[in-house]
Participant: 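Below is a structure I'd like to ask you about.
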Amino acid sequence: MMTQKNLSTWLKGILLGIAVCGTILCGLLIPLFGKDLIEQNPEFSHWYVPWLAVLWIAAIPCYLVLYNSWKITAKISRDQSFCMETAVYLKRICILSLMDSGYFFIANMTLLFLLNMSHPGVMLASLVVDFAGVAVAVVAAVLSHLVQKATELQQQQELTI
């Protein structure tokens, strides 16, 4: 049987793994793939820096989501999963995910239509990323609502006893 402490430890390990993978992706792989792309297609060289900036800025809310998730795991390890603070952290995750999806969509539209620094295929592919961000936001909002309701029930039960 998995204890709260074990669950929290596993979740923290997963969050650290995601953070490391994200750092490798944003700090190493995306710049390398971008440079490789402009070596093969020099006509895209003026796209490199704007796209790199867009992707790096889009990564910031992702790390803030990981930070809030870390805070939730700390609550889980102390057996305080159903508390208002957890509901607040989940609501922040929802807002950050929506903001990041909106930013990424607007940045893609700007690069494609206003600056002519993208391709329609890239825009279509990026819609998958936008959809994933919205899906995370919806799940976080539902969980926030459920945790809030569970906290209220827990408080009512404590008053009844």
Participant: What heavy-atom pair brings C26 and W56 nearest, and what distance separates the two atoms?
Facilitator: O-NE1, 2.7 Å
Participant: Could you grab the distance from atom CG of L146 to atom NZ of K149, nearest 0.5 Å is fine?
Facilitator: 10.0 Å
Participant: Check this for me: F82, atom CZ, are more than 12 non-hydrogen atoms of other residues, nucleotides or ligands nearer than 6.0 Å?
Facilitator: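 No - once you tally the heavy atoms of other residues, nucleotides and ligands closer than 6.0 Å, there are 12 at most.
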Participant: Is I14 linked to V136 within one hydrophobic cluster, defined over Ile, Leu, Val, Met, Phe, Trp and Tyr using a side-chain heavy-atom separation of less than 4.5 Å?
Facilitator: no
Participant: Do the side chains of V122 and L112 get nearer than 4.5 Å, heavy atoms only?
Facilitator: no
Participant: Please evaluate residues Y89 and S144 with respect to the criterion side chain to side chain donor-acceptor pair (under 3.5 Å), reporting the C-alpha separation (whole Å), side-chain torsions for both, the decisive distance (0.1 Å), and the verdict.
Facilitator: CA-CA 8 Å; Y89 295 140; S144 176; over 6 Å; no
Participant: Does H46 NE2 have over 12 foreign heavy atoms under 6.0 Å away?
Facilitator: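 It does: H46 NE2 has more than 12 such atoms within range.
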Participant: Just verifying a value: how many Å separate D36 CG and N41 CG, rounded to the nearest 0.5 Å?
Facilitator: 9.5 Å
Participant: Of the non-hydrogen atoms in P61 and L96, which two are nearest, and what is the gap between them?
Facilitator: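 Closest approach of P61 to L96, heavy atoms only: CB-O, 4.1 Å.
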Participant: Hey, could you give me the CD/CG distance between Q148 and L153, rounded to the nearest 0.5 Å?
Facilitator: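 Interatomic distance, Q148 CD to L153 CG, rounded to 0.5 Å: 11.0 Å.
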Participant: Test your reading of the model: is there a side-chain donor-acceptor pair from S8 to the backbone of K5, 3.5 Å cut-off?
Facilitator: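 Judged by distance alone, no pair lies under 3.5 Å.
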Participant: Starting from I30, can I reach V20 by hopping between I/L/V/M/F/W/Y residues whose side chains sit under 4.5 Å apart?
Facilitator: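 Same cluster.
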Participant: Please check if the number of heavy atoms outside Y67 that lie under 6.0 Å from its OH is greater than 12.
Facilitator: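 Count not over threshold, so no.
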Participant: Verify, without hydrogens or angle tests, whether W51 (side chain) and L111 (backbone) share a donor-acceptor contact under 3.5 angstrom.
Facilitator: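 No, the answer is negative, given that no donor and acceptor are paired below the 3.5 Å cut-off.
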Participant: Out of curiosity, L29 CG to T23 OG1, how far, rounded to the nearest 0.5 Å?
Facilitator: 11.0 Å
Participant: For residues L98 and V139: do they belong to one hydrophobic cluster (side chain heavy atoms under 4.5 Å, members Ile, Leu, Val, Met, Phe, Trp, Tyr)?
Facilitator: no
Participant: Please find the pair of heavy atoms, one from R92 and one from N68, that lie closest to each other, and give the distance.
Facilitator: CD-OD1, 3.4 Å
Participant: Give me the atom names and distance for the closest heavy-atom approach of A58 to F104.
Facilitator: CB-CD1, 4.1 Å
Participant: Near K71 NZ, under 6.0 Å, is it more than 12 heavy atoms from other residues, nucleotides or ligands?
Facilitator: no
Participant: May I ask you to test the S81-V147 pair for a side-chain heavy-atom distance under 4.5 Å?
Facilitator: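 No, too far: nothing below the 4.5 Å cut-off.
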Participant: Measuring only between side-chain heavy atoms, which start at C-beta, is F113 closer than 4.5 Å to S118?
Facilitator: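 No, every pair of side-chain atoms sits at 4.5 Å or beyond.
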Participant: Quick check against the 3.5 Å criterion: does S77 have a side-chain atom that pairs as donor or acceptor with the backbone of A74?
Facilitator: yes
Participant: Give a yes or no on this: more than 12 heavy atoms of other residues, nucleotides or ligands lie within 6.0 Å of atom NZ of K91.
Facilitator: no
Participant: Ignoring hydrogens and geometry, is there a side-chain-to-backbone donor-acceptor pair from Q80 to K75 under 3.5 Å?
Facilitator: no
Participant: CD1/I93 to CG/L143 distance, rounded to the nearest 0.5 angstrom?
Facilitator: 9.0 Å
Participant: In Å, rounded to the nearest 0.5 Å, how long is the span from NZ of K12 to CG of L66?
Facilitator: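 K12 atom NZ to L66 atom CG measures 14.0 Å (nearest 0.5 Å).
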Participant: Report yes or no: does S126 contribute a side-chain atom to a donor-acceptor pair with the main-chain N or O of M123 at less than 3.5 Å?
Facilitator: yes
Participant: Grouping I, L, V, M, F, W and Y whenever their side-chain heavy atoms are under 4.5 Å apart, do F105 and L115 come out in a common cluster?
Facilitator: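 Not linked; separate clusters.
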Participant: For the residue pair D100 and C62, what are the closest heavy atoms and their distance?
Facilitator: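 Taking every non-hydrogen atom into account, OD2-SG, 3.5 Å.
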Participant: Starting from L90, can I reach L7 by hopping between I/L/V/M/F/W/Y residues whose side chains sit under 4.5 Å apart?
Facilitator: yes
Participant: Shortest non-hydrogen contact from Y63 to G22?
Facilitator: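 Heavy atoms of Y63 and G22 come nearest at OH-C, 3.0 Å.
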